[in-house]
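Inspection log for the structure reproduced underneath, given as structure tokens.
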Amino acid sequence: MSESLALSLYAGVDPDAQNPLVHKPALLIKDAEFRKELKKASSQLSAEAIQSLTWVPQPVSFESLAAFHHPVHDSCLDVKTNMTVGLGLTEGGGDTDADLPGNMTGETFLDVQVQAGKDAETTGNGYIEEVDGGREYYWLPAHTMEMSVDREHQLYRQVVGGQTKLFRAYHNERDSHLNRVIHVRYPSTWSTYYGGISWMGGIRHLLLSENALRWNQAFFANHCMPMGVLYLTGMELDKKIAQGRYKGRTPRDLVKSWLQESFGGADKAHRIMLLSSMLENASVKFERLTEPVKDGDFLKLMDHCDTRIAIAHQTPRELISMPVAGKLGNTSGAEQLVIFFLTTIAARQRIWNTTLNRTIGATHGKKLTLRSFDYQSLLPQQPQPLTPEDALEREVKRLEKALGRLVA
């Protein structure tokens, strides 16, 4: 992911740049013209017809969110996806797997569900297409989807490769010729249409970790040039340079701008600067300004970022194979896993169960429940209280042993 793309995703990094976290005003259009066209059309409409509906833009660039890759971040997404939807669906909460169709590409419904679940963890929104009243189900990538403003007759559009396809919300009975969309959305504080992203608090540390890695990589790529300052004595600025795009700047500003353009940023760190002069009395002096960054400091920074990213995901370190130096608070590893399941996974499963039963379950007449792991087995087993008879028997045996020792 490019630095500009990553930075533009985080609010406040560049107040002058276009910020995808800020709601963009929806286009004002003529809904009547769209409805007139829709009565005559299938799920594929002309660009003019589609533009006649008011669409709610994604509050965050979902494509940018999906472009973040980091070992801890990716592991957290996979763990939460697999624990939430990856164990499958059952009918009525029992052990019987729900018999639901997949699609003609060979994907099972579980495959589709896991793909949508990964989207939900990444962007806060998961989309599944229902074809022909439940004959097939397909995953719809979240970054390709947008919603219409009209809630009563909610529509969705998918834009892929310049082609636009329309769908209807499950509760939209008017536009029955369109395939339905099952939309799973996690709680959000910034949009009433789209779901929220739970790990947004870790974006700064994702960027910091990425820049730290690039900075360290540049140390080797740019021949290990140390950080310092150059003193130039007995030299003048080239007149051609001073009259070019730097015209009007002071010599100090000119040198500063040139240094920033040539050596600023993580990718340009540690480059070698080569200067020469034909002047007899000219001299160049280099002096180190800071101590070189130690490997230990770099590793501490990376570990700090890893920890903060895991915290943003609310995921215990044990589940993503991160080394644990000591206990977190006063809880054991097993207790942390139980807390993680009850506060993070169980909450997500409730959202999925509610949405799936209101949509797919209603289509097939089934009571659907996501399968979950037995977290009770992780809890320490409490000893059973003794009955009066057991207590008496234990006391008799204790006295017999004591008596035997006295006789001996």
Could you pull out all residues at least two apart from Tyr137 that satisfy side-chain hydrogen bond (donor to acceptor under 3.5 Å, both in side chains)? Glu130, His364
Give me the atom names and distance for the closest heavy-atom approach of [X] to [Y].
{"X": "Gly134", "Y": "Pro101", "answer": "O-CG, 3.2 Å"}
{"X": "Ala310", "Y": "Cys76", "answer": "CA-SG, 4.2 Å"}
{"X": "Trp190", "Y": "Gly195", "answer": "NE1-O, 4.0 Å"}
{"X": "Ala312", "Y": "Gly201", "answer": "CB-C, 4.2 Å"}
{"X": "Phe167", "Y": "Lys165", "answer": "CZ-CD, 3.6 Å"}
{"X": "Ile351", "Y": "Val184", "answer": "CG2-CG1, 4.1 Å"}

Electrostatic pair Arg371-Asp97, nearest N-O below 4.0 angstrom: yes
Flag side-chain contact, heavy atom, 4.5 Å: [X] against [Y]:
{"X": "Ser148", "Y": "Tyr156", "result": "no"}
{"X": "Asp74", "Y": "His69", "result": "yes"}
{"X": "Gln113", "Y": "Leu100", "result": "no"}
{"X": "Thr315", "Y": "Thr344", "result": "no"}
{"X": "Thr90", "Y": "Leu368", "result": "no"}
{"X": "Thr144", "Y": "Val160", "result": "yes"}
{"X": "Lys80", "Y": "His313", "result": "yes"}
{"X": "Val149", "Y": "Trp55", "result": "no"}

Rounded to the nearest 0.5 Å, how far apart are [atom1] of [X] and [atom2] of [Y]?
{"X": "Ile197", "Y": "Tyr186", "atom1": "CD1", "atom2": "OH", "value": "12.0 Å"}
{"X": "Trp199", "Y": "Phe68", "atom1": "CH2", "atom2": "CZ", "value": "5.5 Å"}
{"X": "Ile309", "Y": "Arg204", "atom1": "CD1", "atom2": "CZ", "value": "13.5 Å"}
{"X": "Arg174", "Y": "Arg168", "atom1": "CZ", "atom2": "CZ", "value": "11.5 Å"}
{"X": "Met83", "Y": "Phe341", "atom1": "CE", "atom2": "CZ", "value": "7.0 Å"}
{"X": "Thr108", "Y": "Asn103", "atom1": "OG1", "atom2": "CG", "value": "8.5 Å"}

Is there any salt bridge (charged side-chain N to carboxylate O under 4.0 Å, His left out) pair reaching into residues 342-370, and which pairs are they, with sequence neighbours excluded? Glu91-Lys366, Glu121-Arg348
Which residue pairs pass the salt bridge (charged side-chain N to carboxylate O under 4.0 Å, His left out) test with at least one member in residues 106-118, sequence neighbours excluded? Asp78-Lys118
Would you check if the side chain of [X] reaches a backbone N or O of [Y] as a donor-acceptor pair within less than 3.5 Å?
{"X": "Arg157", "Y": "Glu146", "value": "no"}
{"X": "Arg185", "Y": "Tyr194", "value": "yes"}
{"X": "Trp352", "Y": "Val85", "value": "no"}
{"X": "His171", "Y": "Arg151", "value": "yes"}
{"X": "Thr363", "Y": "Thr359", "value": "yes"}
{"X": "Gln158", "Y": "Leu140", "value": "no"}

Cut-off 3.5 Å, side chains only: do Asn172 and Gln154 have a donor facing an acceptor? no
Distance alone, cut at 3.5 Å: any donor-acceptor contact between the side chains of Arg214 and Ser209? no
Pair Thr355-Ile182, side chain to side chain contact (heavy atoms under 4.5 Å, CB included): steps then yes or no: CA-CA 8 Å; Thr355 303; Ile182 292 90; 3.9 Å; yes
Sequence-distant partners of Ala142, side chain to side chain contact (heavy atoms under 4.5 Å, CB included), two or more places apart: Phe62, Asp119, Thr123, Tyr127
Could you work out, with ring pair (Phe, Tyr, Trp, His ring centres under 6.0 Å) as the rule, every residue matching Tyr193, not counting sequence neighbours? none
Could you list the residues that satisfy ring pair (Phe, Tyr, Trp, His ring centres under 6.0 Å) with His205, not counting sequence neighbours? His304
Decide yes or no on side chain to side chain contact (heavy atoms under 4.5 Å, CB included) for Leu370 and Leu87, but give the supporting numbers first. CA-CA 7 Å; Leu370 285 169; Leu87 300 179; over 6 Å; no
Using the rule given for side chain to side chain contact (heavy atoms under 4.5 Å, CB included), can you reason through His70 versus Glu210, listing the C-alpha separation, both sets of side-chain angles and the distance that settles it, and then say yes or no? CA-CA 8 Å; His70 180 279; Glu210 180 182 352; over 6 Å; no
Assess whether side chain to side chain donor-acceptor pair (under 3.5 Å) is satisfied between His183 and Asn125, documenting all intermediate values. CA-CA 7 Å; His183 182 189; Asn125 299 268; 2.9 Å; yes
Taking Leu155 as the fixed residue, which of Leu178, Asp150, Val181 is the one that meets the side-chain contact (heavy atoms from CB on, under 4.5 Å) rule? Leu178
Side chain to side chain contact (heavy atoms under 4.5 Å, CB included) assessment of Tyr138 paired with Gln115: CA-CA 10 Å; Tyr138 289 88; Gln115 288 172 315; over 6 Å; no
